[in-house]
Visitor: 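Take a look at this one; I'll ask things after.
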2 protein chains.
Amino acid sequence: MRNVSKPPHAPEASEQKGTAITEEAFLAAYDMRQFERPSVAVDIVVATVSGGALRVVVYRRKEHPARGKYALPGGFVGIDESLDAAARRLLREKARLEGVFFEQLYTFGAPGRDPRGRIIAVAYLALVPPEALSAVASAHGARVCKVLVEWPGTAGGPASIFDEDGRYLPLAFDHSSILGTAVQRLRATLDATPVAFRLLPHELTLRALQDVHEAIRGRPVNKDSFRRRMLAAGWLEATGERERDASHRPAELYRFVSRGIAWPIVD
Amino acid sequence: MRNVSKPPHAPEASEQKGTAITEEAFLAAYDMRQFERPSVAVDIVVATVSGGALRVVVYRRKEHPARGKYALPGGFVGIDESLDAAARRLLREKARLEGVFFEQLYTFGAPGRDPRGRIIAVAYLALVPPEALSAVASAHGARVCKVLVEWPGTAGGPASIFDEDGRYLPLAFDHSSILGTAVQRLRATLDATPVAFRLLPHELTLRALQDVHEAIRGRPVNKDSFRRRMLAAGWLEATGERERDASHRPAELYRFVSRGIAWPIVD
DNA sequence: AAAATAGTGTCTATGAGACACTATAGT
DNA sequence: ACTATAGTGTCTCATAGACACTATTTT
């Protein structure tokens, strides 16, 4: 039986006399529980770049459903909790991450996406520098896996994950779609906004920044023009320091500064 | 009392024995109703461009809450209905629109956004040519209002609506935020994707296309370079026909064709 | 010295902005 | 003829890509 619930915007009970009562009286008489409601969860793509590859945090599911498959960190939204607050709480609870950059990505609401029932997932994207994930690795079943994207540019589509030995790891539910959407967002905003800096430590070399761009785009970028663009964008400030323990000429260290530059860039 | 509901990913009841039972048995025993759930609605920004201005469809609310204010068309998501299906249904029910382009925009979930209780709104953006809204105008309380955006570029922020006489019309709930997000999305995707064509009839002049770009960006664009870019993009095909009833030289009519060009553009 | 990567200078191709000019409709 | 807008040709400037070259570290 399909429940195309009639919106409570105009509930039957108060429709006739509704025009005369006050807003307070209306709200007091209003019972929202008359409509069947879905559950709402937040799922988070916690992304970083290390070893020249885009990586995300996943957990091996120990319970049904999708037992043995890998899932993005996530959980249900509290009834008095905003979506952003839920994402912040879940980042803390599930990945021990605080103060990291995150933003809402897309909402996945296909009726069959979770066998437990109607669960609508608001997906988030969190960006962290690789060293911030050292604590996560020790967490209960957590793994930081390489992402494989099989479509070019911002075409979109699912993405899959692999372990260090190149073995495919199955993702639970529709999490390959969520992951694909995250990569699409990253690729689309990479040039227009300074997202790449969120994936790097505070002090960085231009080479490391280029590695991040190449890992996200999945293809090489032109070195010369990349350096010029980055230095012209006004996001970088030379520290005067140089890289250490490189087996070749050490590169200049830069700091990310957004002096007066809006986020995203305003034209 | 704050209900930060413990995620049913690992429900207490089946935690101990969960590792031994089958997925079928787990799901049969699983009761999702133990957690308090929000309502989920879809709100739609139905946008067009006419008279050199970006316009959206709003309804004057006849009932509490926010009685007398203007609201975007919207309604609750059916328990077995996907989010896209809910948007399609609401476009048909509320604005008598079928077969129009629409996409998901952002999800608004602040706990206090609707005084009736916890209602999470998945916002959608629908783009229609101006003549498609002639039937909407006659609908119950519907109005097609000019949009005012007070921030430059893709900075983001709220947007407000005005009637034909320049009078400010108050928007209900957080609909000015939703509207602002819609404009931000339009501005961000205007150059990279052929969204502008969704706001125009099938046959169009370059001038009309430029008007759409200027209305969305909120500032003039360079005519010469705009013409070159549009003709080079491969989205336009000359019909050989010319504009009628213009009080000056009639412009060439073009048709939108996306021959082999992906949506959005793949590089 | 050899290897490897960092960083600079310069040439070329492309696309945006500017502007002058021509074309074609209504009045 | 006059006005208004459509549409073309060309110049300049900014930026991306390509490539040659120099610089500085480890081994």
Side-chain angles (χ1 to χ4, degrees), chain A residues 51-52 152-154 187 190-194 196 200-201 203-255 261 265-267, chain B residues 51-52 152-153 187 190-194 196 200-201 203-217 219-255 261 265-267:
Chain A
T154 53
R187 287 186 179 175
L190 193 58
D191 285 323
T193 72
L200 288 163
E203 300 210 323
L204 57 113
T205 64
L206 284 173
R207 177 70 219 184
L209 186 58
Q210 186 179 338
D211 285 341
V212 167
H213 279 248
E214 291 182 337
I216 291 173
R217 301 187 78 85
R219 61 172 198 184
V221 304
N222 183 278
K223 174 193 156 191
D224 310 86
S225 126
F226 180 77
R227 294 176 63 88
R228 266 182 309 209
R229 265 197 303 131
M230 288 303 128
L231 293 171
W235 293 332
L236 288 167
E237 181 183 62
T239 61
E241 300 288 307
R242 308 192 139 251
E243 205 178 8
R244 294 179 181 284
D245 53 81
S247 70
H248 49 265
R249 173 173 173 179
E252 176 94 40
L253 282 172
Y254 291 87
R255 231 191 316 273
I261 309 287
I265 293 174
V266 183
D267 60 354
Chain B
R187 286 185 179 176
L190 193 58
D191 286 323
T193 71
L200 288 164
E203 300 211 324
L204 56 114
T205 64
L206 284 173
R207 177 69 219 181
L209 185 58
Q210 186 178 338
D211 285 342
V212 166
H213 278 248
E214 291 181 337
I216 291 173
R217 303 186 76 85
R219 61 171 198 186
V221 304
N222 183 278
K223 174 192 156 192
D224 309 87
S225 128
F226 180 78
R227 294 176 63 89
R228 265 181 311 208
R229 264 197 304 130
M230 288 304 127
L231 293 172
W235 293 332
L236 289 167
E237 181 182 63
T239 60
E241 300 289 307
R242 308 191 138 253
E243 204 180 7
R244 296 181 179 283
D245 52 82
S247 69
H248 48 265
R249 173 174 173 180
E252 175 94 39
L253 282 172
Y254 291 86
R255 232 191 316 273
I261 309 286
I265 292 175
V266 183
D267 59 355

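Protein chains get the first letters and strands the later ones, always in sequence-line order, with residue 1 at the start of each. All values below were derived from every heavy atom in this structure, side-chain atoms included, with hydrogens, water molecules and symmetry-related copies excluded.
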Visitor: Phosphate oxygens OP1/OP2 of C/dA6: is one of them under 4.0 Å from a side-chain N or O of A/Arg227?
Guide: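 No, outside the criterion.
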Visitor: Could you tell me if the side chain of A/Leu253 sits less than 4.5 Å from the side chain of A/Thr205, heavy atoms only?
Guide: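 Side-chain contact under 4.5 Å: yes.
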Visitor: Set out, line by line, the N/O atom pairs under 3.5 Å between protein and nucleotides 20-27 of chain C.
Guide:
from: C/dA23; atom 1: N3; to: B/Arg249; atom 2: NH1; distance (Å): 2.7

Visitor: Using salt bridge (Lys or Arg N to Asp or Glu O under 4.0 Å) as the criterion, list what pairs up with B/Arg207, not counting sequence neighbours.
Guide: B/Asp211, B/Glu214
Visitor: Specify the separation, in whole Å, of atom CZ of A/Arg244 and atom C1' of C/dT5.
Guide: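 In whole Å, C/dT5 C1' and A/Arg244 CZ are 18 Å from each other.
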Visitor: What is the distance, to the nearest angstrom, from the CE atom on A/Met230 to the C1' atom on D/dT15?
Guide: 13 Å
Visitor: Output side-chain donor-acceptor pairs under 3.5 Å for residues 244-252 of chain B, partner residues at least two apart or in another chain, one line each.
Guide:
from: B/Glu252; atom 1: OE2; to: B/Gly240; atom 2: N; distance (Å): 3.3

Visitor: I need the residues from residues 203-212 of chain A with at least one non-hydrogen atom less than 4.0 Å from DNA chain D; give them sorted by number, or say none.
Guide: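 None, since no heavy atom is under 4.0 Å.
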Visitor: Can you name the residues that form a side chain to side chain contact (heavy atoms under 4.5 Å, CB included) with A/Ala215, not counting sequence neighbours?
Guide: A/Val49
Visitor: Could you pull out all residues at least two apart from A/Glu243 that satisfy salt bridge (Lys or Arg N to Asp or Glu O under 4.0 Å)?
Guide: none
Visitor: Keeping to residues at least two apart or across chains, list the side chain to side chain donor-acceptor pair (under 3.5 Å) pairs with something in residues 220-232 of chain B.
Guide: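 Listed once each, the pairs are B/Asp191-B/Arg229.
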Visitor: Looking at every non-hydrogen atom in both residues, tell me the closest pair between A/Pro194 and A/Trp235 and how far apart they are.
Guide: CG-CE2, 3.7 Å
Visitor: Please report, rounded to the nearest Å, how far the C1' atom of D/dT8 is from the CG atom of B/Leu231.
Guide: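 So the CG-C1' distance, B/Leu231 to D/dT8, works out to 12 Å.
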Visitor: Using a 4.0 Å heavy-atom cut-off, does A/Glu252 contact any base of the nucleic acid, only the sugar-phosphate backbone, or nothing at all?
Guide: sugar-phosphate
Visitor: Side-chain contact test, heavy atoms from C-beta onward, threshold under 4.5 Å: evaluate it for B/Leu204 versus B/Val212 and give yes or no.
Guide: no
Visitor: Is any side-chain N or O of B/Ser225 closer than 4.0 Å to OP1 or OP2 of C/dG15?
Guide: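 No, B/Ser225 has no side-chain N/O under 4.0 Å of OP1/OP2 on C/dG15.
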Visitor: Between A/Phe226 and B/Ala251, name the one whose nearest nucleotide on DNA chain D is closer to the 5' end.
Guide: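 Between the two, 5'-proximity favours B/Ala251.
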Visitor: List the residues meeting salt bridge (Lys or Arg N to Asp or Glu O under 4.0 Å) with A/Glu203, not counting sequence neighbours, and say none if there are none.
Guide: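 A/Glu203 satisfies salt bridge (Lys or Arg N to Asp or Glu O under 4.0 Å) with A/Arg255 once adjacent residues are dropped.
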Visitor: So does A/Arg228 get a side-chain nitrogen or oxygen closer than 4.0 Å to the phosphate oxygens (OP1/OP2) of D/dA16?
Guide: no
Visitor: C/dA6 C1' sits how many Å from A/Glu241 CD, rounded?
Guide: 17 Å
